[in-house]
Amino acid sequence: RLGWLVRRGALPTAVAVGLSLLPVVPAQAKPTPKPAADGVARDRSVPVSAVKPKKAALPAMEKFKPAQVSWPSAGAALVNLPLSADGSRRLPARAKVGGLPVAIAPAAASAKAAGGAAVPPRVAVRVLDRAAARRAGFPLAVKVARADGRSEMGRVELELDYSAFRHAYGADWDSRLQLVSLPVCALTSPEVEACRQAQPLSTVNDYREGVVRAEVEVTPDLPALSEKEAAAAGLDRPAAVGASEQTVVALSSAGSSSDTGDYSKTDLSASSQWVAGGSSADFSWSYDISGPPVPGELEPEVSLGYSSGSVDGRTAGENVQPSWLG
């Protein structure tokens, strides 16, 4: 009989009708916690456990060891420029003068002159006393003169090795070095304005090797003569004045920038704010400093502030006496 009902479709219909007559139970939300005695409902606490801090072993900071600085002492030397094998040109020569490595080479403009007066075969180099150089406003100064007995002006390339004292100052001081020429009176009368006129030379600064080089004119190393004595000796004007018109080559770092960076001062940023006036005539200035972003937006608020009328956070209206500085 059951098979007959299934074949006739009566059984599925009866089941569907029976299910529709059952009572429907609505879905209920999770019951809310009962209020406490004070009437405030409290959530269930999440179990926590103490976190043990982990100590990170930090390496000890190395002690700062300043680089050794060795300044040259006063001294003089004669540098001979030898001839090449075929005698057609002068060759560079090196010498140490007062501990300062010096190289002398024919100037590029006169290198083709074979034995001419423009290429002195012997050059006198004198490293001046550092105290005298500092009085003139320079860390190092040398004199260069031709020492072959000729009265004509010569021209050579002078190279100075500053690697022994390149770390004497900071801010990439060595990369900003250049050579300048000074009147000889700069060493004796630096207070005279005319004696402080430094003429920059076309300098090549190889700061990786620690050398500077530039072409300089070399005067005859002769004593000063009067015009009458010079005429009697048949010398021209440069030889007559001799040492009185010699030039001094000095090491200078007058520039504020090089290819390693710019150390010149910058203008005050326009993003700062200032307020002036009021009955107290107080002047206030502030400058916000932005920091790098960190997780959780916990960046500290950093700023620079100045007030001419506040003392320990109090203003002039509270009968305090601010200093002249503010």
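The structure presented is a predicted model; accordingly, all values stated were derived computationally and were not measured.
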Residues passing the ring-ring contact (aromatic ring centres under 6.0 Å, His included) test with Tyr207, sequence neighbours excluded, are none
[X] side-chain N/O to [Y] backbone N/O, donor-acceptor pair under 3.5 Å:
| X | Y | value |
| --- | --- | --- |
| Asp282 | Ser308 | yes |
| Arg126 | Ala74 | no |
| Asn205 | Leu177 | yes |
| Ser88 | Asp86 | no |

Flag side-chain contact, heavy atom, 4.5 Å: [X] against [Y]:
| X | Y | value |
| --- | --- | --- |
| Val102 | Asp161 | no |
| Ile104 | Val125 | yes |
| Leu304 | Ile289 | yes |
| Val156 | Pro120 | yes |
| Phe165 | Leu251 | yes |
| Val248 | Pro183 | no |

Residues 141-161 vs ring pair (Phe, Tyr, Trp, His ring centres under 6.0 Å), sequence neighbours excluded, gives none
Residues pairing under ring pair (Phe, Tyr, Trp, His ring centres under 6.0 Å) where one sits in residues 128-160, two or more places apart or in two chains, turn out to be none
Any chance you could measure [X], atom [atom1], to [Y], atom [atom2], to the nearest 0.5 Å?
| X | Y | atom1 | atom2 | result |
| --- | --- | --- | --- | --- |
| Ser303 | Tyr287 | OG | OH | 11.0 Å |
| His167 | Tyr162 | NE2 | OH | 10.0 Å |
| Tyr169 | Ser253 | OH | OG | 8.0 Å |
| Leu179 | Glu215 | CG | CD | 12.0 Å |
| Thr219 | Lys143 | OG1 | NZ | 9.0 Å |
| Leu100 | Leu140 | CG | CG | 6.0 Å |

All side chain to side chain donor-acceptor pair (under 3.5 Å) counterparts of [X], not counting sequence neighbours:
| X | result |
| --- | --- |
| Asn80 | Arg122 |
| Thr188 | none |
| Ser175 | Ser258, Thr260 |

Check: Transitively linked via ILVMFWY side-chain contacts under 4.5 Å: Val184 with Leu128?
Finding: yes
Indicate if Leu158 and Val204 have the same hydrophobic cluster label, given that clusters are the connected sets of ILVMFWY residues with side-chain heavy-atom separations under 4.5 angstrom.
no
Suppose we screen for salt bridge (Lys or Arg N to Asp or Glu O under 4.0 Å). Which residues come up paired with [X], at least two apart in sequence or across chains?
| X | answer |
| --- | --- |
| Asp172 | none |
| Glu159 | Arg94, Arg213 |
| Arg166 | Asp174 |

Across all chains, not counting sequence neighbours, the side-chain contact (heavy atoms from CB on, under 4.5 Å) partners of Gln199 are Ser181
Residues passing the side-chain contact (heavy atoms from CB on, under 4.5 Å) test with Glu299, sequence neighbours excluded, are Pro293, Val294, Glu297
Item checked: Heavy-atom neighbours of Glu191 CD exceed 12 at 6.0 Å -> yes
Between Arg130 and Pro139 the two heavy atoms that sit nearest each other are NE-O, 3.4 Å
TODO: Give a yes or no on whether a salt bridge exists between Asp148 and Arg146, defined as a side-chain N under 4.0 angstrom from a carboxylate O.
DONE: yes
Residues 62-70, side-chain donor-acceptor partners within the protein, below 3.5 Å, at least two apart:
none

